[in-house]
Structure formats: structure tokens, C-alpha cells
Amino acid sequence: TRAFRAAGVDVEFVDKDDDSTATASRAASQTMVDSERQLMRDIAAQWADANVAIVMTQKLVHPLLMQFLMRRGIVVLHRLSIRHIRAAAMITGAPVQSTFLLGDAARHH
């Protein structure tokens with residue numbers, strides 16, 4: 001590792017052989033990715049257990065979550081206008097939710 005100060009900024013070069021910091025950073029990133037993936041699996045499982053058949057949202061749905069939902073037979077329609085969501089709610093009687101917390105699906109079923 002080499003360090004110097006240039007134009008008032010501390011600069012540090014890490015040798016290729018000294019990659020313990022990079023390895024720790026990669027491990028932390030992978031742990032976060034695994035946690036997010038598990039959260040998406042949990043959401044898909046919870047909605048399937050609550051007999052959710054279709055999810056309609058104005059927001060974009062993460063591709064991995066969409067894949068987990070589709071594997072469980074849940075149709076995802078995303079990036080819809082509120083007009084279309086309200087029309088579907090009127091036809092189906094389904095509640096419109098502005099937020100979602102893990103555990104909500106079971107309480108609204």
C-alpha cells in the first residue's frame with residue numbers, strides 16, 4: 001500500500017496482492033444481495049399463501065421479484081395508471097394499497 005497527498009487530497013494505492021479489503025467488500029455485497037433475494041422470495045411466498053392472483057402497480061417491479069411471483073402463478077402488471085388500478089379495484093372489489101409491508105397480504109385477505 002502506498003499513500004500520498006496531492007492537491008489537498010489523500011490518495012492511497014492498494015497493491016494487487018493486498019486485496020483483503022476488496023475481498024471483505026465483495027463478501028459484504030454478496031451478503032446484501034442474498035438478503036434482498038431472500039426478501040423477494042419471502043414476499044412471493046407470502047402473497048401466494050394469501051391466494052393473491054394478480055398484482056397491479058404504478059411502480060416498476062424488480063425483475064427478480066417478478067420472476068418469483070410468476071413461478072408461483074401470480075400475474076404482475078406494473079407501470080399502470082391509477083385510473084386502470086381503480087377500475088380494476090371497482091370490478092374485483094380488491095383493496096388498493098398505497099404502501100406494502102411484509103405481512104400485509106395475510107391481513108388483507
Side-chain angles (χ1 to χ4, degrees):
T1 303
R2 297 172 304 194
F4 67 91
R5 187 170 182 87
V9 177
D10 291 326
V11 178
E12 182 177 359
F13 290 97
V14 178
D15 294 330
K16 274 176 121 178
D17 297 333
D18 184 21
D19 67 342
S20 61
T21 303
T23 301
S25 178
R26 281 192 299 273
S29 294
Q30 187 60 45
T31 299
M32 188 165 59
V33 168
D34 291 343
S35 294
E36 290 172 351
R37 183 179 301 244
Q38 186 58 50
L39 177 63
M40 289 184 213
R41 277 192 187 108
D42 292 346
I43 291 169
Q46 187 177 72
W47 286 356
D49 290 346
N51 296 318
V52 171
I54 187 167
V55 173
M56 299 185 335
T57 180
Q58 288 181 286
K59 305 280 185 178
L60 184 66
V61 176
H62 190 283
L64 190 57
L65 177 57
M66 192 180 301
Q67 182 181 18
F68 290 149
L69 291 169
M70 289 182 351
R71 283 182 186 166
R72 293 179 172 273
I74 300 172
V75 176
V76 178
L77 301 174
H78 59 151
R79 301 186 74 187
L80 299 176
S81 73
I82 191 65
R83 176 178 160 205
H84 292 107
I85 291 173
R86 286 191 178 135
M90 283 179 49
I91 292 168
T92 64
V96 175
Q97 293 182 257
S98 60
T99 60
F100 169 76
L101 298 173
L102 202 55
D104 278 352
R107 285 194 295 275
H108 291 288
H109 179 60

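Under the side-chain hydrogen bond (donor to acceptor under 3.5 Å, both in side chains) criterion, no residue pair touches residues 64-76, with sequence neighbours excluded.
The hydrophobic side chain of M32 is isolated, with no ILVMFWY side chain under 4.5 Å apart from it. Hydrophobic side-chain contacts under 4.5 Å tie I82 into a cluster, directly or through other members, with I54, M56, V75, L77, L80, I85, V96.
S81 is linked by a side-chain contact (heavy atoms from CB on, under 4.5 Å) to R83, H84, counting only residues two or more places apart in sequence or in another chain. Shown here are the side-chain contact (heavy atoms from CB on, under 4.5 Å) partners of T57, two or more places apart in sequence or in another chain: K59, V61, H78. Scored by the side chain to side chain donor-acceptor pair (under 3.5 Å) test, S35 finds no partners at all (sequence neighbours excluded).
Rounding to the nearest 0.5 angstrom, the gap separating the CG atom in L39 from the CG atom in D34 is 12.5 Å.
Side-chain N/O atoms of Q38 and D42 include a donor and acceptor closer than 3.5 Å.
Taking hydrophobic clusters as Ile, Leu, Val, Met, Phe, Trp and Tyr residues chained together by side-chain heavy-atom distances below 4.5 Å, V33 does not share a cluster with L65.
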As a quick check of understanding, evaluate side chain to side chain contact (heavy atoms under 4.5 Å, CB included) for R37 and M40, giving each step before the final call. CA-CA 5 Å; R37 183 179 301 244; M40 289 184 213; 5.8 Å; no
